[in-house]
Amino acid sequence: MKQISSSAVIELALDLATSLNSKDRFDRLLDTVRKTITCDAVALLSFHGELLKPIALQGLSRDTLGRRFYVEEHPRFLALCQSKSPIRFPADSPLPDPYDGLLIDRDGDLPVHSCMGLPLYYDDKLLGLLTMDSLTPHDFEDIEARTLEVISAISAATLNTAFLLEQLESRADHSQRVVAELTEEAWKRDGGELIGESPIMSQLKQELDIVASSDFNILIYGETGVGKELVARTLHQKSLRHHGPMVYVNCAALPENLIESELFGHVKGAFTGADRNRAGKFSLADGGTLFLDEIGELPLAAQSKILRAIQSNEIQPVGQDNVEEVDVRIVAATNRDLKEEVGEGRFRADLYHRLTVYPIRVPRLYERVGDVQLLAGYFVEQTRRKLGIGQLKITEHAVAHLTQYNWPGNVRELEHVVSRATLKARARQHGKAIISIDKIDCGPLNAVGEELPLGLIVEDGFSSTDNKHQNLPLKAETENFQKSLISRVLKEEAGNWAAAARRLSTDRANLNRIAKRLNIKVVKSVV
């Protein structure tokens, strides 16, 4: 019978005591487990109610760290989470292995093999699982029960220590509270988790930890698709307001004549159609966070009203004489350069300075070295669940293909590529137990706008020769193109703004604002 030696226990205890951070502790824990028990793969997963999150692993592909395993969808994980003691699954167990296709240097289904899992409990609370796989059948059958008890106890203590330290570091050592419905829905949407271990993402997470507990208003800026809304939700969850609501406002979608009512509310009879009192977004966010997405799209008149609310912590619903006090933290987001917008007179300087007490830049995906693989793993698992695929993996060739691309559409583009690739892989490998996303499924990846066909450029009214040696200011040329395109579509739609907005894949309110900024007017012909 295999058993763990007392010297190994002492060595592990000393290693864990001297480790500087959770990652070191987890890595040393897995090192010791593999020294004690021969296995081809070992993984430590933390338990979060309905799902398991891999936090350290050896012998499994790195994209596994980005996956989130829903317990009810994986019979072996479900059995382990319902058990109080280690489980050694029979070599011929019919239960599917959640790591099929994920072992390093092993393609396809796992053959008959050894699989064992240890539920990790601390104070009768399940913290996570420690799983081991060996390609040698019956490899775990001779391990002494006492050895597994010691490993379980040490692993659970390690996990508990890491959780306690993280709680202290994030000032979250108080008990969990029930969050408001709006906050819960916003937090759960898109997973509610910043995934990435690159240096630039580590720096972003540190900045969020620094500023979250303050009540400063925050401006989050970055390109489209980088995850600004997710950063905003993370800020709220880490803040002292996390028990209060987080209310989302898409400023680009607000009709200009209803902006004040949407933000500050109105009383019955305040205007035509106001048949009842209605609370505005500021009131709904009282005691919590108000997230103003795409704030750069707001007209100047609305900006001044928001500025007053921020300065005085007071709002006045439309049609009401009295003002109301509100306690709201503003988190705003934009993909515009607001400093430039201030210089051009399209954004109020005083509001800009109010919002930029602590500006946070969300990096582009190509700056996040090494994160594409983790995000790909996350989206692979997310897509697998949506499509009801039993087991889905992504090959090294596909990962390498994704990694070399510069991702002009950022994280959102990666998510869409993975979704399309999954559909193609499923159709190509119909009937297989494990679907593998390969390079061919991802298709050619070309940066948007890098190589426009010459015919398209000429067709849109630009000459490829006339401007060859002229200075072409990007901003002016872009606005000229927008003006030409919007005018043409409006003409083709006989001045129908809603139809034009649908063709241009935007909403009518946003199209109206852009047209107003570009001084586009539609003159209907009189017959």
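Sequence positions, counted from 1, serve as the residue numbers for this chain. Everything numeric here is computed off the predicted structure, so don't read it as measured data.
In this structure a side-chain-to-backbone donor-acceptor pair under 3.5 Å is present from Asp441 to Asp438. The backbone N or O of Ser239 sits less than 3.5 Å from a side-chain atom of His242, completing a donor-acceptor pair. Under the 3.5 Å distance criterion, the side-chain polar atoms of Asn410 are matched with a main-chain donor or acceptor of Thr224. Formation of a donor-acceptor pair under 3.5 Å by the Lys228 side chain with backbone atoms of Gly222 is found in this model. Thr356 places no side-chain N or O within donor-acceptor distance of the main-chain N or O of Pro359, the cut-off being under 3.5 Å. The backbone N or O of Gly287 lies less than 3.5 Å from no partner atom in the side chain of His243, so there is not a single donor-acceptor pair. Side-chain N or O atoms of Asp293 include none that pairs as donor or acceptor with a backbone N or O of Val249 at under 3.5 Å.
Gly296 approaches Thr334 most closely through the heavy-atom pair N-OG1, 4.1 Å. Summarising the geometry of Ile434 relative to Gln429, their closest heavy-atom pair is O-OE1, 3.9 Å, with the distance given to 0.1 Å. Heavy atoms only, all atoms of each residue included: Met201 and Pro363 are closest at SD-CG, 4.0 Å. Heavy atoms only, all atoms of each residue included: Phe140 and Asp133 are closest at CZ-C, 4.0 Å. The heavy-atom pair separating Cys251 from Leu292 by the smallest distance is SG-CB, 4.0 Å. Across every non-hydrogen atom of Ala212 and Arg329, the tightest pair is O-NH1, 3.0 Å.
Annotation: side chain of Leu230 is not in contact with side chain of Val411 (no heavy-atom distance under 4.5 Å). Counting heavy atoms from C-beta outward, Tyr405 and Leu414 have side chains that stay 4.5 Å or more apart. Side-chain contact between Val372 and Tyr366: absent, with no pair of heavy atoms (C-beta onward) separated by less than 4.5 Å. Using a 4.5 Å cut-off on side-chain heavy atoms (C-beta onward), Leu44 and Leu120 make contact. Counting only heavy atoms from C-beta outward, the side chains of Thr32 and Ile154 never approach each other to under 4.5 Å. Between Leu365 and Leu375, some side-chain heavy-atom pair lies under the 4.5 Å cut-off. At a threshold of 4.5 Å between non-hydrogen side-chain atoms, the residues Trp407 and Arg364 do not count as touching. Looking at heavy atoms from C-beta onward, Pro245 lies out of side-chain contact with Leu284 at the 4.5 angstrom threshold.
Screening Val231, Leu290, Thr289, Val331 against His236 for a side-chain contact (heavy atoms from CB on, under 4.5 Å) leaves a single residue, Thr289.
Within 6.0 Å of the NE2 atom in His397, the count of heavy atoms belonging to other residues, nucleotides or ligands does not exceed 12. Residue Phe216 places its CZ atom among 12 or fewer non-hydrogen atoms of other residues, nucleotides or ligands, all under 6.0 Å distant. Within 6.0 Å of NZ on Lys125 lie no more than 12 heavy atoms contributed by other residues, nucleotides or ligands. Other residues, nucleotides and ligands contribute at most 12 non-hydrogen atoms within 6.0 Å of the CD1 atom of Ile440.
Looking at Arg146 and Glu149, a side-chain N of the basic residue comes within less than 4.0 Å of a carboxylate O on the acidic one, giving a salt bridge. Electrostatic pairing of Lys205 and Asp209 does not count as a salt bridge here, judged by no charged N lying under 4.0 Å from a carboxylate O. Between Lys393 and Asp100 there is no salt bridge, since none of the side-chain N atoms of the basic residue sits less than 4.0 Å from a carboxylate O of the acidic one.
Residues Ser214 and Tyr358 have side chains that never bring a donor and an acceptor to within less than 3.5 angstrom of each other. Side-chain atoms of Asp40 and His113 form no donor-acceptor pair, as typed in the model, at a separation below 3.5 Å. Looking only at atom types and distance, the side chain of Ser114 has no donor-acceptor partner in the side chain of Asp139 under 3.5 Å away. Gln58 and Asp31 share a side-chain donor-acceptor pair at under 3.5 Å.
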Full working for side chain to side chain contact (heavy atoms under 4.5 Å, CB included) between Leu254 and Glu297: CA-CA 9 Å; Leu254 291 177; Glu297 306 298 329; over 6 Å; no
CA sep, side-chain torsions, deciding dist, call: Cys81, Leu78, side chain to side chain contact (heavy atoms under 4.5 Å, CB included): CA-CA 5 Å; Cys81 289; Leu78 181 60; 5.5 Å; no
Worked verdict on Val71 versus Leu52 for side chain to side chain contact (heavy atoms under 4.5 Å, CB included): CA-CA 7 Å; Val71 176; Leu52 290 163; 4.0 Å; yes
Chi angles and distances behind the side chain to side chain contact (heavy atoms under 4.5 Å, CB included) call for Leu402, Leu445: CA-CA 8 Å; Leu402 297 177; Leu445 299 174; 4.0 Å; yes
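Scanning for ring-ring contact (aromatic ring centres under 6.0 Å, His included) contacts around Tyr122 gives an empty result, with sequence neighbours left out.
The CG atom of Leu102 lies 5.5 Å from the CD atom of Gln391; values are rounded to the nearest 0.5 Å. Taken from CD1 in Ile143 to CE in Met116, the straight-line distance is 4.0 Å, to the nearest 0.5 Å. Between the CD atom of Glu229 and the OH atom of Tyr248 there is a distance of 5.0 Å, given to the nearest 0.5 Å. For the atom pair OG of Ser155 and CG of Leu118, the computed distance is 7.0 Å after rounding to the nearest 0.5 Å. Here Leu45 contributes atom CG and Leu127 contributes atom CG; the two are 12.5 Å apart, rounded to the nearest 0.5 Å. Distance check, rounded to the nearest 0.5 Å: CG of Leu423 to CD1 of Ile435 gives 11.5 Å.
Taking the six-membered ring wherever Trp is involved, the centroid distance between the rings of Phe77 and Phe69 falls below 6.0 Å.
For residues 52-69, the salt bridge (Lys or Arg N to Asp or Glu O under 4.0 Å) pairs, not counting sequence neighbours, are Lys53-Glu193, Arg62-Glu197, Asp63-Arg67, Arg67-Glu381, Arg68-Glu193.
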